[in-house]
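Numbering of ligands and ligand atoms starts at 1, following listing order.
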Amino acid sequence: MTDATTMRADDLAALREETAAQLAAAADLRAWDAVRVGVLGRGGRLTALLKALGALPPEARRERGAALNRLKAELEAAIEARRAELEAAALEARLAAERLDVTLPPRPHPPLGAEAGAIHPISRTMEELVAIFGAMGFRVAEGPDIESDWHNFGALNIPEHHPARQDHDTFYLPPGPDGRRPVLRTHTSPVQIRTMLTQPPPIRVIVPGRTWRADHDATHSPMFHQVEGLVIDRAITLGHLKGCLIDFLRAFFGIADLPVRFRASYFPFTEPSMEVDIGWNRRTGELGKGGDWLEILGSGMVHPRVLANCGLDPREWQGFAFGMGVERITMLKHGMADLRPFYESDVRWLRHYGADPLSPPSLAEGV
Ligand code: PHE
């Protein structure tokens, strides 16, 4: 080996060592990239050595070329290894900086009326209705807010020019393909029809839901809520209706001896029909005593024509239905005078009348 060759071998060794030192000193990916370019880049040190090969005589070129290629592979590996190291370190640093302490204790549940959320009284009443009727074996049924004229009126035995249609102050929508105007349902009774059409008897459902009438004052809102009840079975009588509603009203208002009165009335879809009153004191508003009567809901035995409209044979199946206003029974239960705050989202009102979300209604504790 000549002196010149040794010298050149030494400059390769120097390049190897210096690159290793530079890589070790590169603290981040930016510094690392500068080292990489300084060695392997277009003007890099190794690139320059490779370019210089062409000037050597063939014998020396082969030997030198092989040495340079080995060095190149070595340096590329070292550079790549350092990159992996730096990337792993950067990830570690990020994980450490963004660490979440999952051992922090939860924030204490603030007392109701402070920052805690509360269940809206309408929702709460619906939960109570589901709890009470659920215990009697009722399931919840639903239907759309936009109804066909037939579901809302026709199938319920309310004929075309019947005054009951005017009574309902109906919101009409533009006519559909059949030329008839859909309506915003004026009561939850169309869900009686939908239920009888889709499930075979026996049926026991309640229908809590939104209803609509063009009416607005202290006790009426264009959007309000009703709950419907429907029972269809063999040999259902007025006695079942009375027992069911008396039990419900006493459970809901929490008054074991609440007086309940059934008064003959008229609805096109029930026969006979009855309005139901509860005892109260007109002067003080107190429920349960005082000798006055307050109308609270409508009910009756499902009209044979309604059963027939739903494909049920009235000689085989009978039943009863009832419907009441959710706002109305909520206002009576909690002594509220005005219905409008239900929809005004006034946080002070909601805090006062809202229910604790952590204790849903249960019959064991009394709803
Ligand atoms: N749908 C009636 C109303 O809105 C209430 C009702 C329901 C009456 C079921 C009898 C039977 O006034």
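In this structure, M324 has no heavy atom closer than 4.0 Å to ligand 1. Using a non-hydrogen distance threshold of 4.0 Å, R213 registers as a contact of ligand 1.
Inclusion of S299 in the set of residues having an N or O under 3.5 Å from an N or O of ligand 1 is not warranted.
Here L91 is tied into one hydrophobic group with L95, each link being a pair of ILVMFWY side chains closer than 4.5 Å.
Looking at R328 and E295, no side-chain N of the basic residue comes within less than 4.0 Å of a carboxylate O on the acidic one, giving no salt bridge. A salt bridge does not link R180 with D178: none of the charged nitrogens is closer than 4.0 Å to a carboxylate oxygen.
Here the side chain of R213 pairs no donor or acceptor atom with the backbone of D169 at under 3.5 angstrom. When atom types are taken as modelled, the side chain of H187 and the backbone of N152 share a donor-acceptor pair closer than 3.5 angstrom. With hydrogens and angles disregarded, no donor-acceptor distance shorter than 3.5 Å links the side chain of H225 to the backbone of S123.
With a 4.0 Å heavy-atom cut-off, ligand 1 is reached by no atom of S273. With a 4.0 Å cut-off on non-hydrogen atoms, E228 touches ligand 1 through its side chain and not its backbone.
Counting the atoms of ligand 1 from 1 in the order shown, those under 4.0 Å from a heavy atom of F269 are 1 (N), 2 (C), 6 (C), 7 (C), 8 (C), 9 (C), 10 (C), 11 (C). The S189 neighbourhood of ligand 1 comprises atoms 1 (N), 7 (C), with distances under 4.0 Å to a heavy atom of that residue. Listed by atom number, the atoms of ligand 1 under 4.0 Å from F322 heavy atoms are 7 (C), 9 (C), 11 (C). Atoms of ligand 1 found under 4.0 Å from any heavy atom of Q192 (numbered from 1 in listed order, with element): 9 (C).
Considering only residues two or more places apart in sequence or on other chains, T211 meets the side-chain hydrogen bond (donor to acceptor under 3.5 Å, both in side chains) condition with none of them.
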